[in-house]
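Protein chains get the first letters and strands the later ones, always in sequence-line order, with residue 1 at the start of each. Source: prediction; values computed, not measured.
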2 protein chains.
Amino acid sequence: MNETRWLDEREMAAWEGFLQASNRVARHLEQQLRDEAGLSHPQYEILVRLEACPHGEIRMTELADLLITSKSGLTYQVGQLERRGLVRRRSCPTDVRGVLAVITDEGRRVLREAAPGHVAAVRASLIDLLEPEELEVLAGALGRVGRRLAIDRAPG
Amino acid sequence: MNETRWLDEREMAAWEGFLQASNRVARHLEQQLRDEAGLSHPQYEILVRLEACPHGEIRMTELADLLITSKSGLTYQVGQLERRGLVRRRSCPTDVRGVLAVITDEGRRVLREAAPGHVAAVRASLIDLLEPEELEVLAGALGRVGRRLAIDRAPG
DNA sequence: TCGACGTTATTCGAATTTGAACAACCTGAA
DNA sequence: TTCAGGTTGTTCAAATTCGAATAACGTCGA
């Protein structure tokens, strides 16, 4: 058991900044989407990912990985979206067990309407608060963090 | 209604990196704390904040603001911690409505035991993945983001 | 061909979170 | 002093999240 390497002042500042920014940005976006588009952030993300897929469809497990959520959580949210007609399910042609989540025309329409307000909120809460160099560093550093943590992830 | 300013490539990279890093780091820490200390991250944060306060105590509303959570959510978590003897409540001497959350000796002990593992996880999932310059930039930029969003917050 | 083993999506119960409603209380200006 | 208006912490119902358990299905080597 090694001696604990505590955080020094600048490490602490980075950590607290990261935590606080994560929380506040998340809250900001959640509220904006809820108010202006009637969607939760998880729901919005599902629509975004689906639209980016060929034919607007993808396997449930793959989608769960993209969204960094649990499979059961995705089942629930896709169920919500299906109820509202923004997504539908169809069974996978190559694997009887498989389910494809598919974005509907209505889903695309809702997404198209929600996107401008969402992008504005992302700018207001993060992007436009950063200098160009900061943006660059953030993209590089946090991209590395995400990729690093993506590796040693237990299956959900 | 202005034309939407969509995100360019580097802005998108920063945004996606931020989102993904937030999610993955949060998951990593949640699991580590649960496994090694039997605490959720919110609970750990409550203990940390309390210990940093004079006499290890603070008003509920102030604590909720520090933690960036709702008042009702805090009521619940403090209730959980009280059940386990890590925190106790006492009424505020200067305001009959007020309640002070107080960390107990047992709470301090549990926190002391949990801290090394938590710091190690924070290092492994974020801090030690960053170059010194990146750390500096992150602290500055995300600190600004947090402070900016702290201002226009609706009361909870 | 046949199992052993891993995958797939869902269901279930338990835990957690939120905002609204609420009762009780402070505060400051008239 | 009074009282309108804001605060305080809790309770409540509803929504969401997670992991374990489950049933059904692929895959691969012997």
Side-chain angles (χ1 to χ4, degrees), chain A residues 22-24 26-35 38-46 57-84 87-102 153-156, chain B residues 22-24 26-35 38-46 57-84 87-102 153-156:
Chain A
S22 296
N23 282 323
R24 291 206 193 277
R27 273 176 180 273
H28 195 256
L29 291 184
E30 185 69 33
Q31 186 164 355
Q32 179 273 326
L33 279 171
R34 198 75 78 173
D35 291 349
L39 292 169
S40 67
H41 193 230
Q43 289 170 351
Y44 181 85
E45 284 285 302
I46 289 174
E57 64 184 19
I58 191 178
R59 291 285 290 274
M60 292 293 280
T61 293
E62 283 187 79
L63 186 51
D65 287 344
L66 288 177
L67 299 174
I68 316 176
T69 188
S70 64
K71 285 182 302 180
S72 54
L74 181 62
T75 293
Y76 174 78
Q77 285 297 359
V78 166
Q80 295 299 305
L81 290 171
E82 195 170 30
R83 220 165 288 205
R84 293 171 53 179
V87 163
R88 67 185 176 82
R89 285 176 224 243
R90 73 184 190 92
S91 58
C92 179
T94 65
D95 187 336
V96 181
R97 301 165 303 174
V99 171
L100 290 162
V102 193
R153 217 165 78 83
Chain B
S22 296
N23 282 323
R24 292 205 194 275
R27 275 177 178 272
H28 195 256
L29 291 184
E30 186 69 33
Q31 187 165 355
Q32 180 272 326
L33 278 173
R34 198 75 80 174
D35 291 349
L39 292 169
S40 67
H41 192 231
Q43 289 170 350
Y44 181 86
E45 284 285 303
I46 289 174
E57 65 183 18
I58 191 177
R59 290 285 289 275
M60 293 292 282
T61 294
E62 283 187 78
L63 186 51
D65 287 344
L66 288 177
L67 298 173
I68 315 174
T69 187
S70 65
K71 287 183 302 179
S72 54
L74 180 62
T75 292
Y76 175 79
Q77 285 296 359
V78 166
Q80 295 299 306
L81 290 171
E82 195 170 30
R83 220 164 288 203
R84 292 170 56 179
V87 163
R88 65 185 178 84
R89 284 177 224 244
R90 73 182 190 95
S91 58
C92 178
T94 65
D95 189 334
V96 181
R97 299 165 304 174
V99 170
L100 290 162
V102 193
R153 214 163 81 82

**OP:** Quick one: list whatever passes side chain to side chain donor-acceptor pair (under 3.5 Å) with A:Thr61, sequence neighbours left out.
**Re:** none

Subject >> Spacing between A:Asp35 atom CG and C:dT18 atom P, to the nearest angstrom >> reply: 15 Å

**OP:** Kindly write out the residues that satisfy side chain to side chain donor-acceptor pair (under 3.5 Å) with B:Gln80, not counting sequence neighbours, or none if the list is empty.
**Re:** none

Subject >> Whole-Å gap separating C1' (C:dA9) and CD (A:Glu82) >> reply: 13 Å

Original post:
Taking CG from B:Leu67 and P from D:dG9, how many angstroms apart are they, rounded to a whole number?
Top reply: 13 Å

**OP:** Give me the bend of the helix from C:dT1-D:dA30 to C:dA30-D:dT1, using the axes of the five pairs at each end, rounded to 10°.
**Re:** 30°

**OP:** Kindly write out the residues that satisfy side-chain contact (heavy atoms from CB on, under 4.5 Å) with B:Gln32, not counting sequence neighbours, or none if the list is empty.
**Re:** B:Glu36, B:His118, B:Ala121

Original post:
Of all the nucleotides listed (D:dT10, C:dT10, C:dA9), which has the minimum atom distance to the side chain of A:Arg89?
Top reply: C:dT10

Subject >> Euclidean distance, atom NZ of residue B:Lys71 to atom C1' of C:dC25 [Å, nearest integer] >> reply: 13 Å

Subject >> Proximal nucleotide (of C:dT10, C:dC25, D:dT10) relative to the B:Asp95 side chain >> reply: C:dC25

Subject >> Of the listed nucleotides C:dT8, D:dC25, C:dT10, the one nearest the side chain of A:Val96 >> reply: D:dC25

Subject >> For atom CZ of B:Arg59 and atom P of C:dC25, their distance in whole Å >> reply: 14 Å

Polar atom pairs (N or O), protein with nucleotides 13-17 of chain C, under 3.5 Å:
residue	atom	partner	partner atom	Å
C:dT16	OP2	B:Tyr76	OH	2.7
C:dT17	OP2	B:Gln77	NE2	2.6

Tabulate protein N/O versus nucleotide N/O from nucleotides 3-6 of chain D, keeping only pairs under 3.5 Å, one per line.
residue	atom	partner	partner atom	Å
D:dG6	N2	B:Arg97	NH1	3.1

Original post:
Which comes earlier along DNA chain D counting from the 5' end, the contact point of B:Leu100 or that of A:Leu74, where each point is its nearest nucleotide?
Top reply: B:Leu100

Original post:
In terms of the nearest nucleotide of DNA chain C, which residue is placed more toward the 5' end: B:Thr94 or A:Val99?
Top reply: A:Val99

Original post:
Of all residues at least two apart in sequence or in a different chain, which pass the side-chain contact (heavy atoms from CB on, under 4.5 Å) check with B:Glu62?
Top reply: B:Ile58, B:Arg59

**OP:** Could you tell me which residues satisfy side-chain contact (heavy atoms from CB on, under 4.5 Å) with B:Val99, sequence neighbours excluded, listed by chain and number?
**Re:** B:Met60, B:Arg89

Subject >> By salt bridge (Lys or Arg N to Asp or Glu O under 4.0 Å) - contacts of B:Glu45 (at least two apart) >> reply: none

Subject >> All side chain to side chain donor-acceptor pair (under 3.5 Å) counterparts of A:Arg84, not counting sequence neighbours >> reply: none

Subject >> B:Arg88: partners by salt bridge (Lys or Arg N to Asp or Glu O under 4.0 Å), with sequence neighbours left out >> reply: none

Subject >> Spacing of A:Ile46 atom CD1 relative to C:dA9 atom P, expressed in whole Å >> reply: 14 Å

Original post:
Who passes side-chain contact (heavy atoms from CB on, under 4.5 Å) against B:Ser40, sequence neighbours left out?
Top reply: B:Glu30, B:Arg34, B:Pro42, B:Gln43, B:Gln77

**OP:** Take the protein atom CD of B:Glu62 and the nucleotide atom C1' of D:dT7, then report the distance between them rounded to whole Å.
**Re:** 13 Å

